[in-house]
Each structure stands twice: as structure tokens, then as C-alpha cells.
Protein chains: 2
Amino acid sequence: MGTRAQLEVKRIMDRLASAIVEHRLPPGTRLTEAKLVEVLGANRNHVRSALQKLASEYKVVTIFPNRGACVAQPTIKEARDVFAARIVIERAVVELAIDNLTAKNRNRLLKQLEKETGAIKCGERQEMIRESGNFHRVLAQIAGNEVLDELLAGLITRTSLIIALYQETPNVQCSIEEHQALVDAILAKDCDRARYLMDEHMKTIQRYLLLDERSGDVDLQAVLEES
Amino acid sequence: MGTRAQLEVKRIMDRLASAIVEHRLPPGTRLTEAKLVEVLGANRNHVRSALQKLASEYKVVTIFPNRGACVAQPTIKEARDVFAARIVIERAVVELAIDNLTAKNRNRLLKQLEKETGAIKCGERQEMIRESGNFHRVLAQIAGNEVLDELLAGLITRTSLIIALYQETPNVQCSIEEHQALVDAILAKDCDRARYLMDEHMKTIQRYLLLDERSGDVDLQAVLEES
DNA sequence: TATCAATAAATTGCTAACAATTTTGGATTG
DNA sequence: CAATCCAAAATTGTTAGCAATTTATTGATA
């Protein structure tokens, strides 16, 4: 792909991913190519490869052969696996971040916290969601392992979709207090405590989710009632 | 993508990935579309998307805009990050696998070990490489977390490429003795020991690699001398 | 009214031809 | 002889248009 088209595909991916992650496109929403072409002012080929990538790389889109694309509806099993995997990586990230604490990195962390509190004060829901995800990205970047960072980025995206699908009380995100406590522990280089807080933080998020066995599969019912 | 073309792309990806992982296509090898079309008897469009995916998902191919694709040459930094990430996931996998030990799973592990010893006896280098990677996949599947399994699959692939690029003494793979010891610890549900052995196992592999700082970037020199 | 079949419309899938870019291999010149 | 330039070849990038499939509509029938 030539660099121009590549950027265009990335642009489309970003637009779609943001919309999904920020819960403006609910799970199950049909994503017809023609409509996306119209709305995004894009070439259909570019739209197609963006959808393909969102499906195969990020798994926030599902493509039904000959029937088009939808915002994905991860199963409960998948949701749990994503959380479990995420905890594994987040724990490692916390440890590495503590090892890598420079003055510059301390600053980045504090600035990120400011952004988050700012977003909460403004009451901009989308920005709150975005920044609360960015907090975890910043940690991963401080950790300095690009592979872990990229893996985590994917899992954060998927987590956001899972929250949109399975959260009982809407609008609950990462609590800023927990991020604050985590930062305190990290800045104090208290590895055990930081790891513990990260575990609890993830558990808190999961606690607000409806991930009971039930049918054990997709929540077809809930979606059908909705539409 | 319709299911037919999708399968074809997957076929091409598998062929290429196997060749790279089994060190038949050394790092840096140019992958011209026309040649691949000829050799694989495939459509150029299919070849192109296979290359794109191998580049963006698995990172075992690098695409230079307007200049085609090569087998990737990960930097030393990337190699280290892949190993570090892999250890993080492998540790988690070992723990989960122990939690999930059914009779069926015990059997799978033992069968996998047999396959590996079989491959060693036959002296088939490619099969040895393949099966020694499969060992880790089997563990991940026993662990039962599909997300971790998929992440690990990617990292195993990348590890194999890294070994091809940075191993000083050729042909050193995972040692079967270490796999055997690991299985013993897992079957005994000795989590601490299993985790420890996995750590050591990864370190052993890394020990045979030339991942010193040197220029800190690509090993242009080594490659130029080679070709 | 419900069911089914036939047809039309909408949507996705595929490819062949064309465009753009880079590389190659002289030919020319100082 | 090295450097520069230019055209041809090779290679990759792009797209428009058609093919195939699915979905919606219509209308006939019981």
C-alpha cells in the first residue's frame, strides 16, 4: 500500500475505533460500506480494508461473509479472556514502569492524571473514556516495552467494547481515585502495592459487568429487545 | 472478503509464515509479488493481502512503500521486547495450565512431547522447529484463554524469526529436556517450580542469541557480510 | 392471512487494466 | 574512469466496473 492510501485507511480505522470505543457506535451496529463511504467521504476500497483490519487485528468489528460488517459483540467467554489477559499484561507493565521511573516519566504520569480530572470536570463523556484508556497506555509507554504496549493497546480497545456491551449501569469507567492511588504507589516505587492496586482496579471494572454464565454465549436477547 | 478468497489468503500466509519460521526464508529475503504469484500459483491480489497481513499482524514481513516486501529483520530492541513480553505471557499460561489440568490435557501434553522426540530422532530440522513451537501452543490451549493463546502464537512466530536472525550457533532450538522438566512440574502441579522452569527455559533460548547493544539498531553489517 | 416463488434492489466480492514509482542498464560527458 | 543523466523494464499501487450473493419486494395461491 502506498503511503497515501495507508494513511487514509488508518484515518478510517481511527474514526471507527474511536466511535466504538467511546460507545457512540453500540455493539451490533451494522456498518455498510456504502454508508461509511458517504459519511467519511472515502473510497470504498479504503473503507473495506479498514473494516478488515478492525476485524482481524482489533476484533472490534465482525465481518459476515457476503453480508457485511457489524460492531462486534464479544461473547462472555471472550470478555473474560480479554480481562484475564489484560490483567497479566497490566501487572507486568506496572512492574516495568516502576523500574523505568525517570523524572520525565513521573511528569508524564502526573500530566495524564490532570487530563483525566480535567475531562471529568468538563463532563465530556467521550473524553473521559478516551483519557481513562490513555492512562493505561501512558503506563505501558513508560514501561518501555513496545510489544507489550501494542498488545495492551489492543486489549484496552476490546475492553471498551466489552464495557459497552455488558455494563449494567452505564457510564462507569475507570475511577480516577484508583488511578490516583496507583500513581502514588508507582511514584513511591512500591511494587507490591502497585501490582495489588492494579489487580483491584481491573476487578473493580469487571465487577460492574454482567458476565454471568447465563446462556454462556452471545446476549442475543438483550440486543433484540434494544432494537 | 468472500470465504474462498479468504482461505486462499490464509493459505499463502501459512506457506510464507512456515517458511520464515522454519528458517527456509532468511531475514531480509525479498518477497516480490510476481515471484510469489508464480511459485504459489496464486492471484496477485491474494498475495498482496497476505503480505500486508503478515506485516501488520505478525510483523514477520516488512513492507517498504513502492519497493516491495522483505522477510523482517527485527531490531535488537524489538527482539528483547518480544522475549520479555513472551515471558510475561508464558508465565501466566503455565499457571493457568496447571489450574486446568484434566486427564485429557495431561494426555495432550505427553503426546506433544512424543511428537517432539520423534522429530528429533528423525532429524527433520523443520519439523523440530515446528513441534518445539507447538509445545508452547499446546500449553496455551490447555490454559484455556484464547486471547492469551493468540497473543502467544504471534510472539512464538516472531521469536522464531529472531532466532533465525540473531542466533550465533545455528540450529539450537528449545531443548526437549527442558520441555520434559516443565511437563513434569506441571503434571505435579508444582506451580512455583513450573514458573521457574519456564523462566529458565526462555533465558536459555535468549542466551544463545547475540542481543548485545552493538549499534543498538539493525544489524545491517551482519546481513551485508552474509549476502 | 400466511406461505411461497419470482423478481428487483441492495450490498459485498473480485479482478483486470491502468497509473505511479523505483530500479536497471547503458550512453554520454567532463 | 567516475559521475550524471535518461529511457526502458520491472515492480508496486489504485481504481472502476462487473460478478456473485444476499436481502427486500411483490404478487400469486391456497
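In what follows, chains carry the letters A, B, and so on, assigned in the order in which the sequence lines appear, proteins first and then strands, with residues in each chain numbered from 1. All values reported here derive from a predicted model rather than from experimental measurement.
Pairs engaging residues 139-164 of chain A under the ring-ring contact (aromatic ring centres under 6.0 Å, His included) rule: none recorded [sequence neighbours left out]. Listed by first then second residue, pairs satisfying ring-ring contact (aromatic ring centres under 6.0 Å, His included) with a partner in residues 27-48 of chain A number zero, not counting sequence neighbours. Sorted by first and then second residue, the pairs that involve residues 126-155 of chain B and meet ring-ring contact (aromatic ring centres under 6.0 Å, His included), not counting sequence neighbours, are B/Phe135-B/His179, B/His136-B/His179, B/His136-B/His201.
Look at CD1 on B/Ile63: it is 7 Å from P on D/dG13, rounded to the nearest Å. Between B/Leu51 atom CG and D/dT11 atom C1' there is a gap of 13 Å when expressed in whole angstrom units. Regarding B/Glu8, its CD atom lies at a distance of 14 Å from the C1' atom of C/dT15, rounded to whole Å. Following rounding to the nearest Å, A/Phe64 (CZ) and C/dT11 (C1') show an atom-to-atom distance of 15 Å. As rounded to whole Å, 8 Å separates atom P of D/dT11 from atom CZ of B/Arg30. For the pair B/Gln52 CD and D/dT12 P, the computed distance is 12 Å after rounding to whole Å. For A/Lys35 and C/dA10, the NZ to C1' distance is 13 Å, given to the nearest whole Å. Following rounding to the nearest Å, B/Leu31 (CG) and D/dT11 (C1') show an atom-to-atom distance of 14 Å.
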Quick one: side chains of residues 14-22 of chain A, donor-acceptor pairs under 3.5 Å with protein atoms, not counting sequence neighbours, listed by atom name and distance.
unit_1, atom_1, unit_2, atom_2, d
A/Ser18, OG, A/Asp14, O, 2.8
A/Glu22, OE1, A/Arg24, NH1, 2.5
A/Glu22, OE2, A/Arg130, NE, 2.9

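Taking the screw axis at each terminus of the helix from C/dT1-D/dA30 to C/dG30-D/dC1 from five consecutive base pairs, the angle between the two is 0° to within rounding of 10 degrees.
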Contact list (N/O, under 3.5 angstrom) for nucleotides 15-22 of chain D vs protein:
unit_1, atom_1, unit_2, atom_2, d
D/dT15, OP2, A/Asn43, ND2, 3.4
D/dT21, O3', A/Asn66, ND2, 3.4

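The residues B/Lys203 and B/Asp199 are annotated as not salt-bridged, no charged nitrogen and carboxylate oxygen being separated by less than 4.0 angstrom. The residues B/Glu8 and B/Arg11 are annotated as salt-bridged, a charged nitrogen and a carboxylate oxygen being separated by less than 4.0 angstrom.
For B/Ser56, the side chain to side chain donor-acceptor pair (under 3.5 Å) test picks out A/Glu57, with sequence neighbours left out. Applying the side chain to side chain donor-acceptor pair (under 3.5 Å) rule to B/Arg30 yields no partners; only residues at least two apart in sequence or on another chain are considered. B/Glu150 pairs by the side chain to side chain donor-acceptor pair (under 3.5 Å) definition with A/Lys59, not counting sequence neighbours.
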